[in-house]
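Notes for the one structure printed next.
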Amino acid sequence: MKVNSMFSVLLGIIALVFAGCESSSEGESAITLDTYELNVDGGGGDIPLYYFVSNPKKGGKFDVVCTESWVSLKEVTSKTIVLHVEASDSSDERFAMVTIKYPGAESAKVMVLQDKQLLNKFSFAVSNVTYKSCTVSYKPLDKNRPYMANIIDAEYFKQSGVGQDVAFVDKEMENYLTLAQRNNMTLQELMGRISPQLIFTGDAERQFVGMQPGASYVIYSYGIEFSGNSYTMTTPMHSTIVELPMPEMYDVSFNINCNMSGNTATINIDPGDWSGYYSVQIAPDDSLHYIEPGAPMGDGAIKNLANKFYTNARNAMKAGSSAEQYLRSNCYTGFRSLNVQLQSGKKYMIIVFAVESKDGEVPVMRSMPSFYYI
C-alpha cells in the first residue's frame, strides 16, 4: 500500500473514533479548535491552533500530550495553543496524534501529518522582542536561492488562508503587481527596488517596528523567482509565529461613579495621581467588550480592548492625525464629568484605562482597566 493511501485509511479510522469529541452537555466545559488536522511541511516550525473554551474553569489549564517526540507544546496564549514541530529528517511522511485536555471537558484530538524532509527549508531566529518591535533572522538552507522574507499580522494571515501556500502567495503578488503597474514597472523591477527590501539571497536580518502590542505575528518565507510580471514559487511556504507582549502597565486606578436622569448618564471620572491621557469606553451588554458583573476580566478581554484602541488610533494617524491630535480629540485628562445618552432596557459597563504615546508613535494602553456598571 502506498504511504498516501495508508494515511487516508488511518485518517478515516481516526475520524470515526474521535467523532463527537467536541460536544459536551450543558454546563460542562468544552474545547473547540479551528482545525483538528494539521498538514505540516518537512521544515516543521511553530504551528498555532486557535481555540475557544466554553464554560472555562477558574484556574483551568491545558494538558497537551503527543504520541511522538517530534511534536511538542511550545506555549499556550489567550487565543492559541502553539505546537512545535521539528524539521523532518526522514524521506517518508509521518504522523502523530496530539491530545488536548482541559478540566471538565472531553479531550480534543488533533492529527499532525508532516511531509518528508524538505531540501529547501528555512529557519528563523527571533530576538529583541518588545511590545512594539522585534528582529528576525532568516536562514535558508539554500544560500543561493532568492526568497521572500516577511512578517504579517496572524489574524490577517489566518483569514487569507493559512496553510494554503499558493493562494496566499497569489494574493500577495497580485497586490504587488497592482503597485508595480501603478508605477509603470514590471513585478520583477518592483521587487528589486521596493523598500523595505523583501527579496533576499542567503541569510538576512530584518527589524520590524511600529507593531501592535499583544498581537501575534507570522514570520514567513518561500523561494520565488521573477520574470517580468510572472513569478514562480520554488519552495513551499515555511512559517513560525511570534507573540508580542503587552507594555508594562502603570499602577493607575480610576475612581468612577455615575448618576442617572432618565436616559442620561452623568459619568464622573477621577484619575487620581495620573496626569496623562485616559480612554473611556462604554460597552452595552450586547457588545463583545461587556463582561458580566463579578466575572474576571481575562487576558483576552484586556488585549481586545488594547487592540481596539490601538487600531482606531493607528487608522486616525494613517488618515493624517498626529498622536497628540488623536489623544486630544478622543481621550481625556484630569477630572471629567461626561453626559451620555443610553438606551433603556440595557446594561452598560464603563471601562477606563490610561493611554500614552512615546515619541509621537501610535498611542497604546498603559494601565489595567478600571470599570463601573450602570
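Along the sequence shown, residues are numbered consecutively beginning with 1. No hydrogens, no waters, no symmetry mates; every other heavy atom, side chains included, goes into these values.
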Electrostatic pair [X]-[Y], nearest N-O below 4.0 angstrom:
X: E324; Y: R328; value: yes
X: K74; Y: D46; value: yes
X: E106; Y: K101; value: no

TODO: Can you sort out the partners of T264 under side chain to side chain donor-acceptor pair (under 3.5 Å), two or more places apart, ordered by chain and number?
DONE: Q341
- [ ] Could you tell me which residues satisfy side chain to side chain donor-acceptor pair (under 3.5 Å) with T135, sequence neighbours excluded, listed by chain and number?
- [x]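 Once residues adjacent in sequence are excluded, the partners of T135 under the side chain to side chain donor-acceptor pair (under 3.5 Å) criterion are N128.
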Okay, side chain of [X], backbone of [Y]: is any donor-acceptor separation there less than 3.5 Å?
X: H289; Y: A301; result: no
X: S287; Y: P284; result: yes
X: S227; Y: S230; result: no
X: S221; Y: M148; result: yes
X: T178; Y: E174; result: yes
X: R206; Y: A149; result: yes
X: S370; Y: F254; result: yes
X: D270; Y: N255; result: no
X: S29; Y: A105; result: no
X: Y217; Y: Q212; result: yes

[X] [atom1] to [Y] [atom2] distance, which is reported to the nearest 0.5 Å:
X: N259; Y: I374; atom1: CG; atom2: CD1; value: 10.0 Å
X: N307; Y: M365; atom1: CG; atom2: CE; value: 9.0 Å
X: M349; Y: E292; atom1: CE; atom2: CD; value: 10.0 Å
X: Q207; Y: S137; atom1: CD; atom2: OG; value: 9.5 Å
X: S123; Y: D203; atom1: OG; atom2: CG; value: 8.0 Å
X: Y250; Y: S367; atom1: OH; atom2: OG; value: 10.5 Å

Below 6.0 angstrom between ring centroids: does that apply to [X] and [Y]?
X: F353; Y: Y278; result: no
X: F168; Y: Y220; result: yes
X: F62; Y: Y51; result: yes
X: Y147; Y: F122; result: yes

TODO: Treat each ILVMFWY residue as a node, draw an edge where side-chain heavy atoms are under 4.5 Å apart, and state whether I100 and W70 are in one component.
DONE: yes
Open item on the list: Quick check: is L342 connected to I256 through a chain of hydrophobic side chains (ILVMFWY, heavy atoms under 4.5 Å apart)?
Closed with: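 Per the 4.5 Å side-chain linkage, I256 and L342 are co-clustered.
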Open item on the list: Is the shortest side-chain heavy-atom distance between K79 and N304 below 4.5 Å?
Closed with: yes
Open item on the list: Looking only at the side chains, is there a donor atom on one of N263 and S344 sitting less than 3.5 Å from an acceptor on the other?
Closed with: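 Checked: N263/S344 side chains show no N/O donor-acceptor pair below 3.5 Å.
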Open item on the list: Any donor-acceptor pair under 3.5 Å linking the side-chain atoms of N268 with those of Y372?
Closed with: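 Per modelled atom types, Y372 and N268 side chains form no pair under 3.5 Å.
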TODO: Take K132 and E361 through the salt bridge (charged side-chain N to carboxylate O under 4.0 Å, His left out) test and state the conclusion after the steps.
DONE: CA-CA 10 Å; K132 58 183 178 181; E361 295 181 340; 2.7 Å; yes
Open item on the list: Please identify which of these residues, I219, I151, I241, meets the side-chain contact (heavy atoms from CB on, under 4.5 Å) condition with F124.
Closed with: I219
